[in-house]
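The structure appears below as structure tokens.
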Amino acid sequence: MNPLLACPRFDLEATLESGQFFRWTRDGDAFDILRGLRLFRARQRGATLEVQGADRWFVREFFSLDHDLAVVEKGLRRDRSLWPALDACAGVRLLRQDPWECTAAFILSTASNIPRIARTVEAIARTAGRPVTLGSSAGQAFPRPAAMPGETALRKLGAGFRAPYLERAARLAAGGLLEEIAELDTDAARDTLQVMPGVGVKVADCILLFAYGRLDVFPIDTWIRKVMIRLFFRGRRVPDRAIRAFAQERWGDLAGYAQQYLYHWSRSGGLAFPRRPRVVAGNRE
DNA sequence: GGCCAGGTCCAAT
DNA sequence: ATTGGACATGGC
């Protein structure tokens, strides 16, 4: 009844903690995961994944266990500058999230932070989502576009200035906008996503990378900008398009993984950004 | 308390 | 085409 599946080069915990997905909780050595309308539980033992509440196919798809991380790592290792990030992110995979859920979360992500995004997403689900259960644990799925609360309610739930964006985006999603995306090439898909209010280049790229498996996109946020400028542009300010062009040319279809590793690594304190020189007891650090 | 936060929108160069 | 400020809310 509980599927076991092989998961070579996979780190469940690190993947969930890498900031791409917000609907999970830890329960001892297991994780409760809400993906779309499904609640399932996963526990990793070495290269084996034990799952309750979802079939193998669903889990394999969600965790992108079909991605060949050996190829990803080998390709990215050509860049010495990526070694620390690669070492820190072994087994981190890009997920295939529910497109609407991912869209909503990243509309909420603008000028915010992970704990707050997760909190607001959770609040919306508690208010408007369908109850889902798995054995003794229970949760609420994130509401489908048509069931999203209105602007006023979203504000009360902590969406802030993003509330009207989210409401209008939900309307567009309910009209089928997100179903078109899969059929389009990446540039057209990005343009189409940006029709939704609150979705600019960065958010669109996150959606493409985290929900549609477009591994060639390279979302640039403040962390990535900082780390890329430091690693590859000698600390000189450059426009985002220069960073994108660089990533695209350098990493191609691996750019998405490069981004995720750089993001997770830098955010977990990896780069050891030189702190402002501190003067301590007359000694300079 | 002011500043910044997984940006985007809009108006003014 | 590029640049600057506003936008809610919360944490430090």
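Remember, it's a predicted structure, so these values are computed and weren't measured experimentally. We name chains A, B, ... by the order of the sequence lines, and we start the count at 1 in each one.
C/dG5 and B/dC4 have their P atoms separated by 12 Å, given to the nearest Å. With both ends at atom P, the span from C/dA8 to B/dA11 equals 16 Å, rounded to whole Å. If you take atom C1' in B/dG6 and the same atom in C/dT2, they sit 23 Å apart, rounded to whole Å.
Salt bridge present: A/Asp98 and A/Arg144 bring a charged side-chain N and a carboxylate O closer than 4.0 Å. A salt bridge does not link A/Asp66 with A/Arg60: none of the charged nitrogens is closer than 4.0 Å to a carboxylate oxygen. Using a cut-off of 4.0 Å between Lys/Arg side-chain N and Asp/Glu carboxylate O, A/Lys226 and A/Asp221 are scored as not salt-bridged. Ion pairing between A/Glu17 and A/Arg267 fails under the 4.0 Å rule for side-chain N and carboxylate O.
Following rounding to the nearest Å, A/Tyr261 (OH) and B/dG6 (C1') show an atom-to-atom distance of 19 Å. Look at CD on A/Gln194: it is 12 Å from C1' on B/dC9, rounded to the nearest Å. Rounded to whole angstrom, the span from the OH atom of A/Tyr263 across to the C1' atom of B/dG7 amounts to 13 Å. Between the C1' atom of B/dG7 and the CG atom of A/Asn113 lies a distance of 13 Å, rounded to the nearest Å. Between the C1' atom of B/dT8 and the CZ atom of A/Arg190 lies a distance of 16 Å, rounded to the nearest Å. Atom CG in A/Asp240 sits roughly 12 Å away from atom C1' in C/dT2 (whole-Å rounding). Spacing between atom CZ of A/Phe210 and atom C1' of B/dG6 amounts to 8 Å, rounded to whole angstrom units. When the C1' atom of C/dT9 is taken as reference, atom CZ of A/Arg119 falls 9 Å away, rounded to whole Å.
Within the nucleic acid shown, A/Arg241 comes within 4.0 Å of sugar-phosphate atoms alone, with no base atom in reach, counting heavy atoms only. If you check every strand for non-hydrogen atoms under 4.0 Å, A/Pro197 touches sugar and phosphate atoms only. Residue contacts for A/Gln259: at a heavy-atom cut-off of 4.0 Å it reaches a base atom on one of the strands shown.
For the OP1/OP2 pair of B/dA5 and a distance below 4.0 Å, the side-chain nitrogens and oxygens of A/Thr222 include no atom meeting the criterion.
Each of A/Trp265, A/Tyr263, A/Tyr257 was compared with A/Tyr261 under the ring-ring contact (aromatic ring centres under 6.0 Å, His included) criterion, and only A/Tyr257 meets it. Screening A/Arg41, A/Arg23, A/Arg38, A/Arg26 for a salt bridge (Lys or Arg N to Asp or Glu O under 4.0 Å) involving A/Asp32 leaves a single residue, A/Arg41.
Aromatic ring centres of A/Phe22 and A/Phe142: separated by at least 6.0 Å.
With B/dG6, C/dG11, B/dG7 as the candidates, the nucleotide lying closest to the side chain of A/Val203 is B/dG7.
Partners of A/Phe233 under the ring pair (Phe, Tyr, Trp, His ring centres under 6.0 Å) rule, at least two apart in sequence or in another chain, are A/Phe246.
Interface residues of residues 151-171 of chain A facing DNA chain B, ordered by number: A/Phe161, A/Tyr165; criterion, heavy-atom separation under 4.0 Å.
Position along DNA chain B of the nearest nucleotide to A/Val199 versus A/Arg116 favours A/Arg116 as the more 5'-ward residue. Sequence order on DNA chain B of the closest nucleotides to A/Phe106 and A/Met196 puts A/Phe106 first from the 5' end.
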